[in-house]
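Notes follow once the structure below has been shown.
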Amino acid sequence: MEPLQEAEISCPSCWETIELSLDLSAGSQTYTEDCPVCCQPMLVRLQVDEDEGTFNVDVEAENG
Ligand SMILES: [Zn+2]
């Protein structure tokens, strides 16, 4: 699996579809990224399953 992937998600603040660049080489992680459309921070939860070669990404508004 390529370590650099892109995933389409919906911003939890403005619901625009945006493309996230993911670095799977760092493994599963949770981090904050600003939406390029509305500039609101969102919490990105990245789960990497290296054995299966799959990943899952989930976003939520940083302030609930
Ligand atoms: Zn947004």
Side-chain angles (χ1 to χ4, degrees):
M1 181 167 58
E2 288 290 321
L4 296 178
Q5 298 278 340
E6 297 201 324
E8 283 198 342
I9 56 97
S10 290
C11 170
S13 297
C14 67
W15 303 108
E16 286 288 335
T17 300
I18 57 178
E19 213 161 73
L20 278 183
S21 294
L22 305 171
D23 182 0
L24 304 187
S25 64
S28 300
Q29 55 185 310
T30 302
Y31 59 94
T32 303
E33 186 149 317
D34 290 344
C35 172
V37 178
C38 69
C39 298
Q40 292 296 308
M42 60 186 148
L43 206 57
V44 180
R45 292 181 202 275
L46 173 63
Q47 290 182 304
V48 181
D49 189 327
E50 290 177 31
D51 294 333
E52 297 283 332
T54 59
F55 68 96
N56 184 57
V57 65
D58 214 24
V59 296
E60 63 184 69
E62 196 187 31
N63 298 318

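Using a 4.5 Å heavy-atom cutoff, the side chains of Leu46 and Leu22 are in contact. Using a 4.5 Å cut-off on side-chain heavy atoms (C-beta onward), Met42 and Glu62 make no contact. Contact of the Ser13 side chain with the Cys35 side chain is not registered, since no non-hydrogen atoms from C-beta on lie closer than 4.5 Å.
No side-chain donor-acceptor contact under 3.5 Å links Ser10 to the backbone of Glu16.
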>> Set out, in order, the CA-CA distance, both residues' side-chain angles and the distance that settles side-chain contact (heavy atoms from CB on, under 4.5 Å) for Thr32 and Val44, then state yes or no.
In response: CA-CA 6 Å; Thr32 303; Val44 180; over 6 Å; no

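A continuous path of Ile, Leu, Val, Met, Phe, Trp and Tyr side chains, each step under 4.5 Å between heavy atoms, connects Tyr31 with Phe55, placing both in one hydrophobic cluster. Residues Leu43 and Ile18 do not share a hydrophobic cluster, clusters being chains of Ile/Leu/Val/Met/Phe/Trp/Tyr side chains in contact below 4.5 Å.
Shown here for Gln29 and Asp23, the closest heavy-atom pair between the two residues is NE2-O, 3.8 Å. The two atoms that bring Pro12 and Glu60 nearest to each other are CG-C, 3.4 Å, heavy atoms only.
Residue Gln40 holds its CD atom at 7.5 Å from SG of Cys11, rounded to the nearest 0.5 Å.
Partner of Leu20 under the side-chain contact (heavy atoms from CB on, under 4.5 Å) criterion, chosen from Gln5, Glu6, Glu33: Glu33.
Heavy atoms of other residues, nucleotides or ligands lying less than 6.0 angstrom from CD of Glu50 number 12 at most.
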